[in-house]
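Working notes, structure below.
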Protein chains: 2
Amino acid sequence: MRADTAEAEKLVARIAEVFRERGYEGASLTRIGQATGLGKGSLYNFFPGGKEEMAAVVLAHIAAWFEENVFAPLRDEGQPAAGIGRMLDATDLYFQSGGRVCLVGAFALDDSRNRFVTEIRAYFGSWVAHLSAALQRGGRDKPEADQLAEDTVAAIQGALTLSRAFDDTAVFSRALARARARLAV
Amino acid sequence: MRADTAEAEKLVARIAEVFRERGYEGASLTRIGQATGLGKGSLYNFFPGGKEEMAAVVLAHIAAWFEENVFAPLRDEGQPAAGIGRMLDATDLYFQSGGRVCLVGAFALDDSRNRFVTEIRAYFGSWVAHLSAALQRGGRDKPEADQLAEDTVAAIQGALTLSRAFDDTAVFSRALARARARLAV
DNA sequence: GTCTATAGATCGATAGAC
DNA sequence: GTCTATCGATCTATAGAC
């Protein structure tokens with residue numbers, strides 16, 4: 001579907017929430033219909049490829065958001081430290097301080113991973129690569145930057161899991177604060 | 001079901017693998033039947049509560065394994081550093097160096113969390129609490145130990161996600177090595 | 001205890017009226 | 001573009017023969 005209008009944006013965002021809360025298998029067309037206020041006929045009009053296309057469009061939507069708000073600052077900001085700061089702010093905003101799960105991370109864990117290998121790999125790969133590059137521009141050598149970047153992205157993912165497990169967003173906030181300190185922003 | 005015989009152990013372990021690979025919604029009784037070599041009638045003979053009871057028994061099985069191999073060393077080993085070392089060894093063994101996903105972590109992310117809130121909270125809560133206690137016995141003060149324990153468990157979970165995303169167990173191995181260093185074993 | 005057969009609900013997807 | 005009706009497959013769960 002064309003995802004450029006505000007209306008389409010809202011539709012994709014609502015579908016994304018269903019996938020996030022229920023997972024790929026748990027996100028039935030009935031539930032997606034309820035969440036969007038659309039019948040199955042309308043959904044298939046927008047997404048002829050059905051549920052799999054809906055998930056693919058949602059993943060593309062997420063990729064675009066991260067490119068603009070997370071990766072671009074890491075890449076383009078003159079001062080790497082400022083870019084890293086903006087990356088962490090965007091991360092906090094996106095995951096609603098730990099109240100919202102990472103759909104890509106959830107997909108990576110179960111069988112839906114096989115459906116979306118490319119998208120999942122690109123998402124985490126870009127995140128780690130851009131963060132490492134920013135750290136290297138900040139003066140760290142490559143091995144150290146690579147390791148720190150990988151470790152930071154993993155810490156964010158793990159904190160999301162623990163926040164959900166404890167139903168406590170403070171876990172995520174602490175993890176982000178700690179990342180901020182380790183990355184020396 | 002009674003889970004004390006070797007036969008029953010094997011059955012629960014096979015069911016666990018299906019839940020791990022497919023998630024709660026994706027683990028259909030047909031697939032569980034194929035993985036165990038049992039018909040639906042037999043499965044319901046062992047688990048009258050059906051799929052939900054199967055998942056509950058699997059979670060109890062995991063809890064028992066972690067109690068024995070992960071939490072007990074942290075609690076009982078005379079030298080806290082030795083207990084932490086054994087905890088990390090058991091973690092590496094259990095997750096097959098990153099090739100195996102954490103079922104409890106996966107359940108925490110989607111709607112199955114609501115079904116098993118108690119079990120999920122207990123699993124992560126025990127892990128963090130036991131690790132923090134060991135760190136305190138090792139000389140660290142409580143706030144520092146709590147934070148380090150939470151951060152370590154989150155790092156392990158995040159590393160499992162990234163290992164799956166990149167299809168590379170080296171990510172998990174690096175995370176465990178780094179945890180070993182941070183915990184000063 | 002094991003199986004097959006099947007119920008009843010829900011799944012993803014399609015057809016066709018409007 | 002939206003809806004309802006419906007298809008065939010699959011789901012969880014049960015019944016009942018052996």
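Quick note on labels: first sequence line is chain A, next is B, and so on, each numbered from 1. Computed from heavy atoms alone, side chains included, the values below leave out hydrogens, waters and symmetry copies.
Residues satisfying the side-chain contact (heavy atoms from CB on, under 4.5 Å) criterion with Ala16(A), sequence neighbours excluded, are Arg20(A), Val58(A). The side-chain contact (heavy atoms from CB on, under 4.5 Å) test applied to Asp151(B) returns Arg178(A), Gln147(B), Arg182(B), not counting sequence neighbours. For Lys10(B), the side-chain contact (heavy atoms from CB on, under 4.5 Å) test picks out Arg14(B), with sequence neighbours left out.
Listed by first and then second residue, the salt bridge (charged side-chain N to carboxylate O under 4.0 Å, His left out) pairs that reach into residues 92-101 of chain A are Glu17(A)-Arg100(A), sequence neighbours excluded.
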Pairwise N/O distances under 3.5 Å, protein to nucleotides 13-17 of chain D:
| residue | atom | partner | partner atom | Å |
| --- | --- | --- | --- | --- |
| dA13(D) | OP2 | Tyr44(B) | OH | 2.7 |
| dA13(D) | OP2 | Lys51(B) | N | 3.2 |
| dA13(D) | O5' | Tyr44(B) | OH | 2.9 |

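Distance, Phe47(A) CZ to dG1(D) C1': 14 Å, rounded to whole Å. Atom CE in Met54(A) sits about 8 Å away from atom P in dA13(C), given to the nearest Å. When rounded to the nearest whole Å, the span between CD1 of Ile32(A) and C1' of dA13(C) equals 13 Å. In this structure, the CG atom of Leu43(A) is 14 Å from the P atom of dG1(D), given to the nearest Å.
Side chain of Ser28(B), nearest nucleotide from dT2(C), dG1(D), dT12(D): dT12(D).
Between Arg31(B) and Asn45(A), the residue anchored closer to the 5' end of DNA chain D is Asn45(A), taking for each the nucleotide with the nearest heavy atom. Map Ala27(A) and Leu38(B) each onto its nearest nucleotide of DNA chain C; the residue landing nearer the 5' end is Leu38(B).
Across residues 13-23 of chain B, not one residue has a non-hydrogen atom less than 4.0 Å from an atom of DNA chain C.
To the nearest 0.5 Å, atoms CZ (Phe47(A)) and CD (Glu52(A)) are separated by 13.5 Å. Here CG of Asn69(A) is found 8.5 Å from CZ of Phe66(A). Values are rounded to the nearest 0.5 Å.
Contacts of Gly37(B) with the nucleic acid, taken as non-hydrogen atoms under 4.0 Å apart, involve only primed sugar atoms and P, OP1 or OP2.
Listed pair Thr30(B) / dC11(D) meets the phosphate criterion, a side-chain N or O lying under 4.0 Å from OP1 or OP2.
Salt bridge status for Arg180(B) with Asp89(B): present, with a side-chain N to carboxylate O gap under 4.0 Å. Under a 4.0 Å N-O distance rule, the pair Arg75(B)/Glu67(B) qualifies as a salt bridge.
Thr30(B) and Gln34(B) share no side-chain donor-acceptor pair at under 3.5 Å.
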